Amino acid sequence: MKLEKLFSHIEIGGCEVKNRIVMAPMGTKFGNIDGSVTESLIDYFGARAKGGVGLIISPFALVSKEQGIGGLGIFSDRFIPGMNWLCERVHSFGAKFFLQIGHHGGKVTREFMGKRPVAPSSIYSPIYPEVPRELTIEEIKKLIEDFSQAARRAKEAGFDGVEVHGAHTYLIGQFISPHTNKREDEYGGDFERRMKFPSQIVRGIKRICGENFIVGFKFSAYEYLEEGVDNNLARKIARHMEKKGIHYIHVSATSSTIPGFQACSFPSVPSLYSPQGVLVPLAENVKKVVDIPIVATGGITDPEYAEQILKEGRADLVALGRAFIADAEWAIKAKRGIKIKYCIKCNTCHKRIFSKKRLKCTVNPAVGEEHRFEMRKALSPKKVVIVGAGPAGMEAALVASQRGHNVILYEKENRVGGKMVFASIPQFKSEIGKLLQYYESNLEKSGVEVRLGQKINLDKLSAENPEVIIVAVGADIAVPMIPGIKKENVLTVLDLFKNKKLEIGKQIVVIGAGLIGCETSWYLASQGKIIKVVDILSRDAILSDEHNSNRSMLMINMGKEGVNILGKREIIRIENEGVVAKRENGTEEFLHADNVILATGFKPKTKLRDVLSRSSLNAQIY
């Protein structure tokens, strides 16, 4: 598909953007603790600008010192030099740059602020960590000025515009939403009064920065809250803000920080189990009633799908977030028809940010360390042998080859990919398959010599006479010592996915409700199998270390397919007709099963590494 619309110019206000690809605002924790810019942050955004994106919207910058520390700051003139440094790097590659400005309101902890948070109304809400203090009229007017001065600083620093953050039920969203705004004065009550706060912010920005300075507005076009924003109210909000002079609207939702949000159709942080463009219908709804550009978002990863959104007139620009974390060159690769390193929506990035850690990516180790990971040719090329063509082996082979080393990649199977091959089989994990295609395509184009169907041993390695050996042989299923574990009706998850012709019975017991066990249960249930998944943990503790959105969507879909989760049970033996489980109270129950599938985790393969460490090979071993 030709990506004509995606790579066409668009004018936002008086600002011409070279294409319709937007890098969405995402927290990184790359800034200094005082909110100032770092070289790491500059390298991060510079890499994405160099990678061909048309417009970058920064992470949330705090407009008020009262908000505490932890994110980017724009509440003082002292931030201007660093922000200017950042702008100049982004602009040097032809991308436009907007600064997102906002305030958390009541949606912040006392630990973060150092005191009780504030909001339009002092009420309980599931989005609030504690009941906030109600803002006074004087404080509201001060906040309006804070937003206006933040925009002034952004303009002085060199940003092309600002995006006023009214989404995710932060402070502005709290004023807009009937759920959170229970005031009875000039800033609450009917629609016009609830909209007074964002309206005055826009007016204040225009007063200081001029009518031509770009002001965008991001808001939640759907809230999973009692009396929250719905489709009708979203259209009304959009029309109102257009009349106030904003230049574009960025459409999002409020869901991911709400307890019990699991059943929502519009997750604000889509998981790998969500379809692409899950928030696009919200953008389409808003676009019908306004004449300014609309930005759509929601887990978009495919260039072809992004093109389709634009061609169908559902939005005017598409915002990609995690896709740019996974591959800084997403835009330029899409334009040139080069395979993209796909985001698999595992949400490791999002989980780390909310755990107060620096952003990291499962598929891109260079995030935030672009300078350190800059690809340079080796001064002294070496012969490198890599054992195992799973994701680790393939990544190592490609990097070593790009650096000019002579690379041989051994794989005992007849294709590359390792366990990615099996992980991509379930219909809900297409992103894994796309990432595998990226590796396959790049290996074919590289100088890596791939030797498939060859088991490696010490003699073969010795004959190669390598200078470097990288062992990337992965892990084996951890098989528990359960009586009856070797019966014919027992399979591992690898047995299940390796043999496409394998016939299994109707009733299945899956042992282990970790990520693999739950995904396997969903997959088999969707094929009409009757599934019981058993784990020693309680139902509430299952997948507790997973990202909330991922866990919720997985559990919901398991439920829809009728998977029966049996927690707090230990399998004490396996029989020909099923398994015997012991409950927490010590009683036993028999669970009928035609087949038993082990999803009991993995243990690293260490044999080859141990042999090499004791050998006399004159090679560096990793």
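Since this is a predicted model, take the numbers as computed values, not measurements.
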>> C349 vs C361, test: side-chain contact (heavy atoms from CB on, under 4.5 Å). Steps then yes/no.
In response: CA-CA 6 Å; C349 52; C361 177; 5.7 Å; no
>> Walk me through whether Y273 and E519 qualify under side chain to side chain donor-acceptor pair (under 3.5 Å).
In response: CA-CA 10 Å; Y273 311 119; E519 288 182 345; 2.5 Å; yes
> Step by step, would you call H247 with E163 a side-chain contact (heavy atoms from CB on, under 4.5 Å)?
Replying inline: CA-CA 10 Å; H247 296 97; E163 179 172 279; over 6 Å; no
>> The test is ring pair (Phe, Tyr, Trp, His ring centres under 6.0 Å); show your working for F60 and H104 and say whether it passes.
In response: CA-CA 10 Å; F60 187 153; H104 295 104; 4.8 Å; yes
> Going through the distances and angles, do R358 and T28 end up as a side chain to side chain donor-acceptor pair (under 3.5 Å)?
Replying inline: CA-CA 6 Å; R358 284 169 59 93; T28 64; over 6 Å; no
>> Go through it in stages, so that I can follow the logic: the residues are K115 and E66, the test is side-chain contact (heavy atoms from CB on, under 4.5 Å), and I'd like the CA-CA distance, side-chain angles, deciding distance and then a yes or no.
In response: CA-CA 9 Å; K115 56 186 175 182; E66 298 298 310; 2.3 Å; yes
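When each of I309, N19, V22 is paired with V318, the side-chain contact (heavy atoms from CB on, under 4.5 Å) condition holds for I309 and for no other. Just one of F45, Y248, F217 meets the ring-ring contact (aromatic ring centres under 6.0 Å, His included) condition when paired with F98; it is Y248. Applying the side-chain contact (heavy atoms from CB on, under 4.5 Å) test between I21 and each of L55, V53, I300 identifies V53 as the sole match.
In this structure, K107 forms a cation-pi arrangement with Y170, its terminal cationic atom sitting closer than 6.0 Å to the ring centre and no more than 45° off the ring axis. Relative to the six-membered ring of Y342, K434 meets both conditions, a distance below 6.0 Å and an angle of at most 45° to the axis.
E111 and K356 are joined by a salt bridge, as a carboxylate oxygen and a charged side-chain nitrogen come within less than 4.0 angstrom of each other. Salt-bridge check for E16 with K18: failed, with every basic side-chain N at 4.0 Å or more from each acidic carboxylate O. Using a 4.0 Å cut-off between charged nitrogen and carboxylate oxygen, R48 and E370 count as a salt-bridge pair. Salt bridge annotation for K341-E395: present, with a cationic side-chain nitrogen under 4.0 angstrom from a carboxylate oxygen. Salt bridge present: R152 and D77 bring a charged side-chain N and a carboxylate O closer than 4.0 Å.
Counting heavy atoms from C-beta on, the side chains of L99 and M83 come closer than 4.5 Å. Under the 4.5 Å side-chain criterion, counting only non-hydrogen atoms from C-beta, V164 is not in contact with M241. Side-chain contact between V108 and P117: present, with at least one pair of heavy atoms (C-beta onward) separated by less than 4.5 Å. For the pair P391 and M420, the minimum side-chain heavy-atom distance is below 4.5 Å. H91 places a side-chain heavy atom less than 4.5 Å from the side chain of F97. In this structure the side chain of V385 never reaches within 4.5 angstrom of the side chain of I470, judged on heavy atoms. Counting heavy atoms from C-beta on, the side chains of R403 and P381 never come closer than 4.5 Å. Contact annotation: the side chain of E440 approaches that of V416 to within less than 4.5 Å [non-hydrogen atoms, C-beta and beyond].
T348 and T362 share a side-chain donor-acceptor pair at under 3.5 Å. In this structure, a donor-acceptor pair under 3.5 Å is present between the side chains of Q149 and E145.
Distance alone, capped at 3.5 Å, is enough to place a donor-acceptor pair between the T297 side chain and the A319 backbone. With S424 contributing its side chain and V421 its backbone, the two residues share a donor-acceptor pair below 3.5 Å. Remark: the backbone N or O of T254 is not paired with any side-chain donor or acceptor of S268 at under 3.5 angstrom. The backbone N or O of V269 sits less than 3.5 Å from a side-chain atom of S549, completing a donor-acceptor pair. With hydrogens and angles disregarded, a donor-acceptor distance shorter than 3.5 Å links the side chain of S552 to the backbone of N548. Formation of a donor-acceptor pair under 3.5 Å by the Y224 side chain with backbone atoms of F266 is found in this model. Within the 3.5 Å criterion, the main-chain N or O of Q620 finds no donor-acceptor partner in the side chain of E467. Judged purely by atom type and a 3.5 angstrom limit, H168 uses its side chain to pair as donor or acceptor with the backbone of A253. Judged by distance alone, the side chain of D34 and the main-chain N or O of S36 form a donor-acceptor pair under 3.5 Å. The backbone N or O of T169 sits less than 3.5 Å from a side-chain atom of Q174, completing a donor-acceptor pair.
Interatomic distance, I201 CD1 to I246 CD1, rounded to the nearest 0.5 Å: 12.5 Å. In this structure, the separation between CZ on F428 and OG on S274 is 12.5 Å, given to the nearest 0.5 Å. In this structure, NE2 on H405 lies 10.0 Å from CD1 on I386, to the nearest 0.5 angstrom. Atom NZ of residue K345 and atom NZ of residue K429 lie 13.0 Å apart, to the nearest 0.5 angstrom. In this structure, K218 NZ and S252 OG are separated by 4.5 Å, a value rounded to the nearest 0.5 Å. Within the model, atoms CG of L41 and CZ of R89 stand 10.5 Å from one another, a figure rounded to the nearest 0.5 Å.
Ring pair F147/F197 is perpendicular by interplanar angle, where above 60° counts as perpendicular and below 30° as parallel.
Nearest heavy atoms, D160 versus K96: OD2-CA, 3.4 Å.
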